[in-house]
Structure formats: structure tokens, C-alpha cells
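To start, the structure itself, in C-alpha cells.
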Amino acid sequence: RGVHKDSPIASGSVNYEIPHDVPLDTALTSSVKGSDVPGIVLGREILATLNVHPDFQDTIEVIAPLADVGPTGELEPRLRRFQLTGAFKSGIYEYDVHYALVNMEEAEKTLGAQATRGWQLRLEDPQDAPAIVSQIKGKVGDGWRVEGWHERNKRLFAALKLERVVMSAVLTLVVLIASFSVIGVIMMIASSKRKDIALFKSMGMPAAKVRGVFIRQGMWIGIIGSLIGCIAGTALCMAIAHWPIHLPQAYYLETLEVKIMPAWTIIVAIVGVLLAVAAAIYPVRMTTREDPIVALRYE
């Protein structure tokens with residue numbers, strides 16, 4: 001990819017590893033110090049494949065196939081030599097393993113007729129990309145292609161979305177399993193208070209009020225449990241963010257990324273309380289349906 005000196009690539013969130021910390025446009029200039037060949041910056045994953053490194057002042061050859069017509073009339077590849085001046089790491093494996101950055105003029109010389117020009121726009125809010133892409137597509141003519149980050153990495157984001165849905169389903173199942181414990185606790189309490197319930201009902205206390213007592217008890221179990229869980233979970237996430245957990249080399253991320261989302265924390269807490277209240281309804285209904293005469297027969 002040919003890079004202009006004012007390109008957003010030169011001033012983005014990409015991590016560049018260039019000896020002596022020289023700017024990217026200087027590393028890509030065609031007059032690299034100590035060399036008469038232009039500079040090139042490779043993706044971090046390509047260095048291991050080619051067994052090269054910027055510190056070793058290695059040179060590489062780039063081949064652009066079907067670029068020239070030879071003396072015999074056959075198509076011959078165009079070959080150019082570059083001085084390896086740095087590496088970059090974007091955080092996306094597909095970019096780091098496939099892309100090489102060179103000066104704009106050198107890219108045109110290397111690719112020849114195969115070169116295509118384009119513009120890259122950097123937005124203040126990346127979430128605005130779908131709307132802006134749709135607007136631009138309606139204004140450009142034929143032969144132009146408009147593509148946003150959400151379209152170029154469609155498979156990656158689809159996989160992440162599916163993973164998020166599955167994790168939400170797993171979390172819901174965990175909370176549902178915990179609600180069975182609430183059912184057991186409320187059923188044991190209601191069973192131990194069976195005679196008291198029958199006594200209150202025989203004195204004229206409505207069954208709805210009796211159920212309300214145990215439902216409120218289930219609600220408090222849910223509130224206390226959700227509060228403890230949210231505090232413990234948030235504290236654990238903050239600890240991981242402060243002391244990062246380093247991942248094995250099999251993962252492309254160096255550390256386990258953590259982002260605390262207060263809205264989702266509140267939603268999970270509310271769902272936990274509602275499930276605890278719902279879990280208390282069934283055992284209370286079964287207990288309050290009993291006839292007081294049967295419960296007090298042997299008293």
C-alpha cells in the first residue's frame with residue numbers, strides 16, 4: 001500500500017516499530033540514510049515469515065506480477081528492491097500478515113498499471129461509518145467502490161457478535177440455575193412456617209398478603225445476591241484492568257482486555273432480582289393453597 005505523508009495511517013492507533021523512532025514518512029522515503037533503495041515497512045507477522053528485521057538492515061524484493069511486457073512479447077513480473085526500515089502492528093492479524101507500506105511514488109512505480117488510487121477517511125465516531133458509507137455510495141459514479149470498516153471486517157464482527165450472544169445465553173442459564181436455589185430456600189422457609197401460615201389464614205389474613213411476605217423475602221435474596229455479585233465482578237474487572245493478564249502466544253491479543261459497561265451491569269442485576277422474585281412465586285403458591293384445617297389438625 002502506498003502511503004502519502006498526510007495519510008491517516010501515519011497518525012493513527014497503529015503501533016510502529018521503526019529504529020531511532022523516525023517518522024513514518026521518513027522511513028518510507030526513497031532516500032533512506034545509508035542505502036540507495038527506497039524504504040518499506042512490513043506487517044509484524046511478515047517479519048517472522050521472511051526471517052528479516054529492521055535492526056539488521058535487511059533488504060527484500062517485491063514482485064508485481066503481470067506488470068511489463070518483455071522483449072519476447074510475454075508478460076514479465078516487475079521486481080523492485082526495498083530497504084526494510086520498520087514494522088507495524090495494527091492489532092488485526094489479517095492486516096499484519098498481508099500488508100506492506102511504501103511511499104506513494106514507489107507504489108506506483110512497482111505496481112504500474114495494476115495500481116489503483118483511493119482515499120481513506122477517519123471519522124471522529126467510528127459508529128457513524130455505516131450511515132456515511134451509504135450516503136457516499138449514493139453520490140459516487142460507476143466504477144467506484146465505497147467500503148467501511150464494518151464491511152471489510154464483516155466476518156470478524158459477525159463472529160464477535162455471535163460470541164456475545166452465546167455468552168449472554170450462558171450467563172442467563174447460570175442465573176436460571178441460581179434461581180433454583182432460591183426456589184429451594186423459599187420452599188424450606190415456607191415449609192417451616194407452615195403452621196404459622198395456617199394460623200394467620202384462620203385468623204382472616206388474606207392469602208395474597210401471606211404470599212407477599214415470602215415474595216419480598218425472595219426479592220431481598222435477589223437484591224443482596226445481585227449487589228454482592230456486581231461489586232465483586234466490578235472489583236475483579238478493575239483489578240484485571242490494573243494488573244493485565246498476559247495471554248499465551250496462541251492468542252493475538254497480548255493481554256486480556258476488560259471494559260466495564262455500567263448499563264449492562266445494571267441490566268444483569270435487575271434480571272437477577274426479577275428471576276429471584278419469580279422463583280419465589282411457585283413455592284409460596286403451593287404452600288398458601290393448603291387448607292388451614294389440615295395444617296392445624298394435630299395442633
Original post:
Are K89 and E17 within salt-bridge range, i.e. N to O under 4.0 Å?
Top reply: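 Here K89 does not pair with E17 in a salt bridge, since their nearest N and O are not under 4.0 Å apart.
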Original post:
Any Lys/Arg nitrogen of R80 or E106 sitting under 4.0 Å from an Asp/Glu carboxylate oxygen of the other?
Top reply: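 Judged by the 4.0 Å cut-off on N to carboxylate O distance, R80 and E106 do form a salt bridge.
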Are there more than 12 heavy atoms of other residues, nucleotides or ligands under 6.0 Å from atom [atom1] of [X]?
| X | atom1 | result |
| --- | --- | --- |
| E147 | CD | yes |
| N51 | CG | no |
| E61 | CD | yes |

Original post:
For the atom pair OG1 (T255) and CD (E257), what is the distance rounded to the nearest 0.5 Å?
Top reply: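 Between T255 OG1 and E257 CD, I get 4.5 Å after rounding to 0.5 Å.
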Original post:
What distance do T110 atom OG1 and L79 atom CG have between them, rounded to the nearest 0.5 Å?
Top reply: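 Output value for this atom pair is 9.5 Å.
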**OP:** Over 60° means perpendicular and under 30° means parallel, so classify the ring planes of H53 and F56, tilted if in between.
**Re:**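 Judged by the thresholds at 30° and 60°, the geometry between F56 and H53 is tilted.
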Original post:
Under 30°, 30 to 60°, or over 60°: which ring-plane class applies to F157 and W149, parallel, tilted or perpendicular?
Top reply: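 Judged by the thresholds at 30° and 60°, the geometry between F157 and W149 is perpendicular.
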May I ask you to decide if [Y]'s main-chain N or O and [X]'s side chain share a donor-acceptor pair within less than 3.5 Å?
| X | Y | result |
| --- | --- | --- |
| S226 | G272 | no |
| S134 | A131 | yes |
| D58 | L84 | no |

Quick one: closest heavy-atom pair of [X] and [Y], and the distance?
| X | Y | result |
| --- | --- | --- |
| A269 | C230 | CB-SG, 3.7 Å |
| A87 | R44 | CB-CD, 4.3 Å |
| A107 | V102 | CB-CG2, 3.7 Å |

Original post:
With a 4.5 Å heavy-atom cut-off, do V62 and F82 have their side chains touching?
Top reply: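 Yes, side chains in contact.
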Original post:
Are any non-hydrogen side-chain atoms of L28 and I40 less than 4.5 angstrom apart?
Top reply: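 The answer is no, as the side chains (C-beta and beyond) never meet within the 4.5 Å cut-off.
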Original post:
Applying the side chain to side chain contact (heavy atoms under 4.5 Å, CB included) test to L275, which of V271, V277, V273 qualifies?
Top reply: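 Only one option passes, and that is V271.
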